[in-house]
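Notes for the one structure printed next.
Heavy atoms only: backbone and side chains are in, while hydrogens, waters and symmetry mates are out. The structure presented is a predicted model; accordingly, all values stated were derived computationally and were not measured.
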Amino acid sequence: MKKEFFKYQAQTSPHPLALEISHANGNYVYATNGKEYLDFIAGVSANTLGHNHPKISQAIKDQVDKYTHVMVYGEFIQQPQIDLTKLLAENLPKPLETVYLTNSGTEATEGAIKLAKRYTHRSEIIAAKNGYHGNTQGAMSVCGAEQQNSAFRPLIPGIRFIEFNNVIDIGKITIATAGVILETIQGGAGFIEPTHNYLKKVKDKCDEVGALLILDEIQSGIGRTGKLFGFENYNVIPHIIVAGKGLGGGMPIGAFISSHEIMSCLKQQPKLGHITTFGGHPVIAAAANATLLELLNSNLIEDTLQKEELIRKLLVHPLITEIRGKGLMLAAIVETDEIASKVILNCIDKGLLLFWLLFEGKAIRITPPLTISEEEIFKGCNLIIEVLNDILAEY
């Protein structure tokens, strides 16, 4: 497979990990050579319930037997879409009650930006430096990382950047601003949490000037931080949220969610203000609904906080400067980029899947499935400490 992978499949980096995958089950991924890998990545926070979860698999099989794609999104009434959007609305605070299903998080970001512009009749969007919201042109435009953006300019105009957690910068939000888009917890920048009621202060400023606060919950949502959505930890209810990744339980999905009043403006002046062929695909919606039901009818969401506590307790080492994040959205920060890469690659060699973050080279991503057990946490963290000890002995 490896030879054909490099020959026929477009590459995203010069040196992909290139593990040849045979199958995956539970919290493990298996290579074609029979090697077993404990998964501390979860498909970059996407496999909420691990791999091949029986309830998700059954929901997919049941829906495939009924119908797959029948019509572009929003024209035919389909039970899987109704079930999913209703379940989301019933478990979100008011007025977040109307859901637009998309194919991915980045497409949901695009829709949310358009919604803010359409509702406010303004064009300026404010975003955070070192934010990450996806990689299409619009989503990239609100990612404040020039090392990623420079090769693709010009991007969409009218974007201004502020520094996350900088209260003084909130003053840059004015009556010219359509929307402010922020990650609830900054992901690519190093799993940085909001501090000192920052998100509430941004929301208050948006309300004052008539702008909309968009919170990106693509990584922090779907139970990963001890609440169904991350913003519920921080004393704020945004005007729009963006979801993706873990919502599909391993299947591709996104959503942007707002009030009925705000969302309704996309259906007129012009009609078809935001459209998608495959958004809300019935098979994907069935998988997402099964994922949410399992989370809501179990202790998995609450248990993320105990699992976080255990990981923090186990990952104490001279080369680890801090553990950032919340719940099972964690990053171990080490002293140098080189050490981070050594830990990640050496752990993979030993059968533990870890990964990098986009903009913080000293970070080691720890985002296992929410189904990870305490025994598996001990196993994975002990491997990390073992590798760190080997690295420390070299210095």
Side-chain angles (χ1 to χ4, degrees), residues 92-97 105 108-134 138-139 141-145 156 158-221 224-244 255-259 261-263 324-326 329 359:
L92 279 164
K94 298 295 183 185
L96 297 170
E97 60 201 358
T109 298
E110 299 280 348
I113 293 169
K114 288 172 64 178
L115 181 60
K117 289 182 173 183
R118 171 66 184 83
Y119 183 75
T120 62
H121 302 286
R122 302 172 184 175
S123 60
E124 179 183 85
I125 300 292
I126 290 179
K129 297 172 184 176
N130 285 330
Y132 183 76
H133 305 282
S141 300
V142 292
C143 296
I156 66 172
I159 311 297
R160 297 180 68 197
F161 290 98
I162 59 176
E163 186 177 340
F164 194 77
N165 277 333
N166 185 329
V167 176
I168 295 174
D169 270 6
I170 294 174
K172 295 178 181 178
I173 304 167
T174 70
I175 57 171
T177 306
V180 179
I181 183 166
L182 301 170
E183 295 161 278
T184 301
I185 298 174
Q186 277 204 308
F191 288 7
I192 299 169
E193 287 190 81
T195 57
H196 302 107
N197 222 17
Y198 173 71
L199 295 178
K200 178 65 164 54
K201 291 171 183 175
V202 174
K203 170 72 181 306
D204 289 345
K205 183 65 175 180
C206 286
D207 286 339
E208 178 188 325
V209 301
L212 300 184
L213 174 59
I214 304 164
L215 286 185
D216 180 339
E217 290 276 351
I218 294 171
Q219 281 206 77
S220 57
R224 190 154 286 279
T225 65
K227 301 285 186 181
L228 184 58
F229 286 97
F231 71 84
E232 297 174 272
N233 292 295
Y234 303 111
N235 189 34
V236 63
I237 300 174
H239 300 99
I240 306 170
I241 64 171
V242 176
F256 58 105
I257 307 169
S258 190
S259 68
E261 176 198 354
I262 293 173
M263 196 70 81
R324 292 187 194 154
K326 189 172 185 65
M329 182 180 175
F359 311 132

- Message: Taking NZ in K227 as the centre, count heavy atoms belonging to other residues, nucleotides or ligands within less than 6.0 Å. Is the count above 12?
- Response: no

- Item | Test item: R122 side-chain N/O and I175 main-chain N/O as donor-acceptor pair under 3.5 Å | yes

- F229 and S220, any side-chain heavy atoms less than 4.5 Å apart: no

- To the nearest 0.5 Å, atom CG of L92 lies from atom CD1 of I237 at 9.5 Å

- Are E124 and R160 close enough that some pair of their side-chain heavy atoms sits under 4.5 Å apart? yes

- Task: Work out which heavy atom in V236 is nearest to a heavy atom in K203; give both atom names and the distance.
- Result: CG2-CB, 3.7 Å

- Which atoms form the tightest heavy-atom contact between E183 and Y132, and what is the distance? OE1-N, 3.0 Å

- Query: How far apart are the C-alpha atoms of S259 and E97, what are their side-chain angles, what is the distance that settles it, and do they pass the side chain to side chain contact (heavy atoms under 4.5 Å, CB included) test?
  - Reply: CA-CA 5 Å; S259 68; E97 60 201 358; 4.2 Å; yes

- Message: Distance check, rounded to the nearest 0.5 Å: T120 atom OG1 versus R118 atom CZ?
- Response: 9.5 Å

- Message: I'd like to know if the side chain of K205 and the backbone of G171 have a donor-acceptor N/O pair within less than 3.5 Å.
- Response: no

- To the nearest 0.5 angstrom, please state how far the CD1 atom of I257 sits from the CD1 atom of I214. 13.0 Å

- Item | Reported CG-to-CG distance for the pair L199 and N233, which is rounded to 0.5 angstrom | 10.5 Å

- Write down the atom of A145, the atom of N130, and the distance for their closest heavy-atom approach. CB-OD1, 4.1 Å

- Message: If you define the side chain from C-beta out and look only at heavy atoms, does anything of L215 sit under 4.5 Å from Y234?
- Response: no

- Item | Polar side-chain atom of N165 near backbone of T195 as donor-acceptor pair, under 3.5 Å | yes

- Item | Backbone of H196 reached by a side-chain donor or acceptor of K201 within 3.5 Å | yes

- Without swapping roles, check the side chain of N197 against the backbone of K200 for a donor-acceptor pair under 3.5 Å. no

- Over all heavy atoms of both residues, which pair between F256 and M263 is shortest? Give the atoms and the distance, please. O-CE, 3.4 Å

- Flag side-chain contact, heavy atom, 4.5 Å: I170 against I162: no

- Query: Which atoms form the tightest heavy-atom contact between C143 and G134, and what is the distance?
  - Reply: SG-O, 3.7 Å

- Any donor and acceptor pair, going by atom type alone, linking the side chain of E110 with main-chain N or O of A139 inside 3.5 Å? yes

- Side-chain heavy atoms of I125 within contact of K117, under 4.5 Å: yes

- Query: With distance as the sole test, does E217 use its side chain to make a donor-acceptor pair with the main-chain N or O of T184 at under 3.5 Å?
  - Reply: no

- Minimum side-chain heavy-atom gap R324-I185 below 4.5 Å: no

- Task: In sequence, state the C-alpha distance, the side-chain angles, and the governing distance for I181 and H133, and then conclude on side chain to side chain contact (heavy atoms under 4.5 Å, CB included).
- Result: CA-CA 9 Å; I181 183 166; H133 305 282; 3.6 Å; yes

- How long is the span from the CG atom in L212 to the CD1 atom in I262, to the nearest 0.5 Å? 5.0 Å

- Closest non-hydrogen contact found for S141 with I159 is O-CG2, 3.4 Å

- Roughly how far apart are T177 OG1 and I126 CD1, rounded to 0.5 Å? 3.5 Å

- Message: For the backbone of K129 and the side chain of Q186, can you confirm whether one donor and one acceptor N or O come within less than 3.5 Å of each other?
- Response: yes

